[in-house]
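The first residue in the sequence is number 1, and the count goes up from there. Atoms considered below: every heavy atom in the structure, side chains included; atoms not considered: hydrogens, waters and symmetry mates.
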Amino acid sequence: MTSSTANITSRRPLAEIVVEEMTNIILNGELRPGEKLNEVEIAERLNVSRGPVREATRQLQEAGLLESFAYRGSFVRKLNQREVAEIYALREVLECTAVGEAVRLATPEDLRAMDQALRDTEMAALSNARGRMIEADVAFHLALCRAGHNLRIAETFNKLATELRLVHLMMNPNPEELRAAAQDHGAIFSALRERNTDRVMDTLRGHISTERDEVLQYLGPHGDSSGMQAQIRTGEGAPPSRFTGKVSLRGHQPGDFPLLARMNRELADDEGHRNPMSVAEMEERFHRFVGQEGWSVDLFLLGDEIVGYATYRREADPTNPGGERVFLRQFYIARHYRRDGMGQAAFEALAASRFRPADRVVLEVIENNPGGRVFWLRTGFAPYSSLLEYTVPGGHEDAQP
């Protein structure tokens, strides 16, 4: 054990120190959501035995930062779309209730705490310090909750903060996004300091919902519509994505089926579909799609790199006798390209190259894919109907995307 660690240990329990160090490793992005924790490496790095690391791992599992699987070990927890939607729904209730009271009850001490957290947020954003930004962001919103002087709201938000940290870790925001978040905090604080109930409530709701939708689109299989996000933040016209005009299409070739099957498996996983098919079964299904069922399959290219695909076909339109529609069955963007508007750029390229003026394009979005719903609404789709299902008891579920 190093001398500095020994000095700290004399004042604090070793397990507490190890929990703090392991938390910092996670929040600094050295271990990403979904990555495995290596207890031996952590013990060697911190110069402690594996006992305190095991205890710290247990505490971090209880706190929600880690999750454990039998015979596999412990991993940094990775949230799905449904969990994120629930987190932000609870967050909006807590913070909006708190800020409604804070307009009346916030003391000068409360405002000083928020102001300090705001300064820390701005410094972290300008420094592009993601780990510090996560903690400063949580501190700002916790100070806001405390300003409402409802102890249960503050305690509940403090527990929720662990999952909010995981959300920010998954996003890995760029410098522009960090600065935008800091600006939002400044607008919230300014409205609260002026005791302007309507403005602070609208600003806070906008901040939470915009962040939620960005996360959901990132987790969804379709990518995002970053231009629309910019329009929502600024109220100005949406700037084009950095991928606009750079995405091209290529019709599938037989040699693409192995890749398409793997992408299809990721699509089903990321949208929360219950499809149990293996990659090999999905590959065989693509052969049926093309050879027997009349589906078109196009690949999205950025240069010569394949970044996604779409599956669609023309079919009779049940709402327009004698007419036809385009049914868009699958639309997938590779996970590492789900930022900066790639999804929107890919769909625009597909529509321009494959669809006709006035074509009616329809698709289905499952309930476990709220990020997909956000993406398609912001791309220009409008709700038309809801597809409900009922499984007769004793039957066999066999739904496939």
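Aromatic pair Tyr332/Tyr337: centroids not less than 6.0 angstrom apart. Between Tyr309 and Phe300, a ring centre-to-centre spacing not shorter than 6.0 Å is recorded.
Of the possible polar contacts, none joining the Arg91 side chain to the Ile208 backbone as a donor-acceptor pair under 3.5 Å is found. Judged by distance alone, with hydrogens and angles left aside, the side-chain atoms of Lys36 form a donor-acceptor pair with the main-chain N or O of Arg72 at under 3.5 Å.
Annotation: ring pair (Phe, Tyr, Trp, His ring centres under 6.0 Å) contacts of His168 (sequence neighbours excluded): none.
Neither side chain, Ser209 nor Glu92, offers a donor N or O lying under 3.5 Å from an acceptor on the other. Counted by atom type alone, Asn369 and His222 present one or more donor-acceptor pairs between their side chains at under 3.5 Å. Counted by atom type alone, His185 and Asp137 present one or more donor-acceptor pairs between their side chains at under 3.5 Å. In this model, no donor atom of one side chain and acceptor atom of the other lie less than 3.5 Å apart for Gln81 and Asn368.
Taking the ring centre of Phe257 as origin, the terminal cationic atom of Arg262 falls outside the region bounded by 6.0 Å and 45° from the ring axis.
The ring pair (Phe, Tyr, Trp, His ring centres under 6.0 Å) test with Tyr312 singles out one residue from Trp295, Phe355, Phe327, and that residue is Phe355. When the options His252, Met282, Arg329 are evaluated for a side-chain contact (heavy atoms from CB on, under 4.5 Å) with Phe289, the one that passes is Arg329. Exactly one residue among Val200, Ile188, Asp110, Leu94 makes a side-chain contact (heavy atoms from CB on, under 4.5 Å) with Leu144. That residue is Ile188.
Taking CZ of Arg288 as the reference point, atom CD of Glu293 lies at 6.5 Å (rounded to 0.5 Å).
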| request: List the steps and the verdict of salt bridge (charged side-chain N to carboxylate O under 4.0 Å, His left out) for Asp270 and Arg265. | output: CA-CA 9 Å; Asp270 292 347; Arg265 184 63 265 169; over 6 Å; no
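Contact record, Ala139 with Ala117: C-CB, 3.9 Å, taken as the closest heavy-atom pair.
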